[in-house]
Amino acid sequence: MSSQILPYKSADGSTAVPQDFQVDWRMGFLPPQMPLSRLPTAWEAWEATLDAATSQRFKAAEQLAALGGPQKFVEEKKASAWRKLIDKMPVLSIDNIKGCERELRRAHLVLTFMVQFYAHTTPPTESITIPRSLTVPLLGVSSELNHAPFVTYSDHDLHNWSLNDPRGQDAVPMSDNIQSQLTLSGTPDEAGLYLVGLRMELKGAEALESLRLSTNEIEAGNNIDVDRITTYLTQTTKVIQELKGILMTTKELVRPEIFFNDIRPWLVGADADKWGRKWVWEGKEEVENSEQMLTKVSSPTAGQSPLIPTLDAYLGIEEDDSKSSFLDRVRVYMDHQHKEYLQSLRLRKKVIRSFVQSIAKEGGTNTPIVVAYNATIQAMKSLRDAHLVIVTLYIIIPSKKKARISEMDTKLSSVDTGPVSGEMGDHEQGSETNNEHTGEAASTVDQVPKLLKILKGFRDQTGQNCIE
């Protein structure tokens, strides 16, 4: 796989090989070759078992909590039958796909999706124990890829796409000819969510290339064409504005209530179980370094995409302690090559920014290249404004709504249960159960101010990087 990224000096002073980054000048962080849609026949048991899960449209335990009676029983029964298939499934060897990038990526996607199905269909009264048939191969594949053994943005977006029309698949996919392969909820909204990410990655590749060319020319240091770099920055601004437009199409493709109630429960990581359960992994001792791998337990988020942090790094946007800490956390969930690429840019001197600052010092802030750079910074700030809008629509408002409903249910239950039961013991038990649900909803809402503060901080800090 070719990469057009400039070599950098690693900590030991050696020069890294550009191809190791796996960043394509046309596709950005997407693999230039379409991901496999199915593993070879030796691993058909995995594919067939995943097919059985997706075709049955399971409901997560969190969704079932809102159901009652026969429907809940039927849903629990069919999910239980599927989990028993997993329990009896043999441990398949991954020896024959070691060193095969596309096969390993597909295996990681399939296995992590099965783990999510297994964990999130387990009733809240039972512990979550991932069977050896999933644990051993998933940890082995994750070790080969140097990747977290949980579903990540890399899985459901970067390595989970195909072409609507496979003809001419060697060319760069057009945004209307790309789609996701797998979803957990089976909803068109989840496919739309992933599609927004794919389209942003494709478009973002254009900005990465313009900034790379600018950096290369400045670092070469001979007869730097300021007008050309100004043009590159102008092109980058246009792309970032288009990225904002793509992000806002989320409102057309994904219904907020479907995201929050039907998609989000499947994407919850092992560190955020609604009932506080810890995931137990059978057979983990059979795989070297499993304990370290299993510390990477966060839910997948768009923050795990290297695209926006890479644009920031190229532009020399400052990192305060909060942002630096955030990037260090999400970086461990990125593809190994991508996180190394991002880190290399974060550690480099601010090539473009320093160059523009030197011109501003000599010619003033009205110099075309300074104006162009500041326009790019403002475009990044505007993109973060759009992100705040999306987070508000899809997380903050639904979280608050759920908390209000839970609180109302608790009050109604306390009114209805007391007079009917006639026993204080029953009343107390009912109140305790409903208070537990209220507490869960309140806990989610409690995170809202922190989330908003972080995102607004990133947005405001971006705007402060204009050169004055």
Side-chain angles (χ1 to χ4, degrees), residues 6 8 28 200 203-204 206-219 224 226-245 247 302-303 305-331 341-391 451-468:
L6 190 70
Y8 74 99
M200 289 187 72
K203 176 54 63 175
E206 299 175 22
L208 294 178
E209 177 65 359
S210 292
L211 294 174
R212 179 194 72 83
L213 291 170
S214 299
T215 301
N216 283 3
E217 181 158 350
I218 294 168
E219 287 195 325
I224 300 174
V226 177
D227 289 341
R228 182 158 56 229
I229 295 173
T230 302
T231 299
Y232 288 147
L233 288 170
T234 301
Q235 291 170 344
T236 299
T237 300
K238 182 175 181 296
V239 170
I240 295 170
Q241 290 168 342
E242 292 181 72
L243 288 176
K244 176 183 175 180
L247 178 59
S305 168
L307 176 59
I308 303 304
T310 299
L311 295 177
D312 283 347
Y314 261 129
L315 291 167
I317 293 176
E318 297 288 342
E319 295 179 14
D320 61 10
D321 291 342
S322 174
K323 185 174 180 181
S324 181
S325 176
F326 170 80
L327 289 176
D328 288 340
R329 288 198 307 273
V330 297
R331 200 168 58 88
Y341 165 59
L342 172 59
Q343 189 67 355
S344 74
L345 292 175
R346 291 174 70 197
L347 294 175
R348 280 168 114 175
K349 62 180 182 180
K350 298 173 174 59
V351 177
I352 296 175
R353 182 175 179 81
S354 297
F355 178 72
V356 177
Q357 284 177 322
S358 67
I359 292 180
K361 188 174 181 179
E362 295 178 5
T365 56
N366 289 327
T367 307
I369 192 171
V370 181
V371 172
Y373 177 84
N374 285 343
T376 307
I377 296 297
Q378 288 297 333
M380 289 294 292
K381 179 178 180 292
S382 184
L383 177 58
R384 287 195 157 93
D385 277 326
H387 184 223
L388 275 166
V389 170
I390 296 299
V391 169
L451 176 63
L452 279 177
K453 183 179 179 180
I454 291 172
L455 295 179
K456 287 180 178 178
F458 291 172
R459 185 269 315 274
D460 295 343
Q461 186 184 43
T462 299
Q464 293 166 5
N465 278 265
C466 286
I467 294 174
E468 299 176 350

Using a 3.5 Å distance criterion without hydrogens, assess whether the side chain of Ser210 forms a donor-acceptor pair with backbone atoms of Ala207. no
Is the shortest heavy-atom distance from the side chain of Arg459 to the side chain of Lys456 under 4.5 Å? yes
Would you say the side-chain atoms of Thr376 and Thr236 include a donor-acceptor pair closer than 3.5 Å? no
Below 4.0 angstrom, N of the basic side chain to O of the carboxylate: do Arg346 and Asp328 qualify? yes
Quick check: do Glu219 and Arg348 have side-chain heavy atoms less than 4.5 Å from each other? yes
May I ask you to test the Asn465-Leu315 pair for a side-chain heavy-atom distance under 4.5 Å? no
Do Gln235 and Glu206 touch side chain to side chain, with heavy atoms closer than 4.5 Å? no
So does Gln378 get a backbone contact from the side chain of Ser382, meaning a donor-acceptor N/O pair under 3.5 Å? no
Would the distance check show the side chain of Ser344 and the main-chain N or O of Tyr341 forming a donor-acceptor pair, the cut-off being under 3.5 Å? yes
Does Ser305 reach the main-chain N or O of Leu307 with its side chain, forming a donor-acceptor pair under 3.5 Å? yes
Non-hydrogen atoms of Ala360 and Ile467 that approach each other most closely: CB-CG2, 3.8 Å
Between Asn374 and Val370, does a side-chain contact (heavy atoms from CB on, under 4.5 Å) hold up when you go through it step by step? CA-CA 6 Å; Asn374 285 343; Val370 181; 3.9 Å; yes
Using side-chain contact (heavy atoms from CB on, under 4.5 Å), reason through Leu211 and Leu233 one step at a time and then give a plain yes or no. CA-CA 7 Å; Leu211 294 174; Leu233 288 170; 4.3 Å; yes
Please walk me through it: do His387 and Leu455 pass side-chain contact (heavy atoms from CB on, under 4.5 Å)? CA-CA 8 Å; His387 184 223; Leu455 295 179; 3.8 Å; yes
What side-chain hydrogen bond (donor to acceptor under 3.5 Å, both in side chains) pairs are there with at least one residue in residues 349-365, not counting sequence neighbours? Arg353-Tyr373
Going through the checks in order, is the side-chain contact (heavy atoms from CB on, under 4.5 Å) test met by Tyr314 and Val351? CA-CA 8 Å; Tyr314 261 129; Val351 177; over 6 Å; no
Is the shortest side-chain heavy-atom distance between Ile317 and Leu311 below 4.5 Å? no
What is the distance from atom OG of Ser214 to atom CD1 of Ile352, rounded to the nearest 0.5 Å? 4.5 Å
Any side-chain heavy atom of Met380 within less than 4.5 Å of one from Ile308? yes
Within the 4.5 Å heavy-atom criterion, are Glu217 and Leu213 side-chain neighbours or not? no
Quick one: does Asn366's side chain have a donor or acceptor within less than 3.5 Å of a partner on Val371's backbone? no
Nearest heavy-atom neighbours spanning Thr237 and Ala379: CG2-CB, 4.0 Å
Exceeds 12 heavy-atom contacts within 6.0 angstrom, atom NZ of Lys323: yes
Please tell me if the side chains of Leu388 and Leu452 come closer than 4.5 Å, counting only heavy atoms from C-beta onward. yes
Between Thr234 (side chain only) and Thr230 (backbone N and O only), is there a donor and an acceptor less than 3.5 Å apart? yes
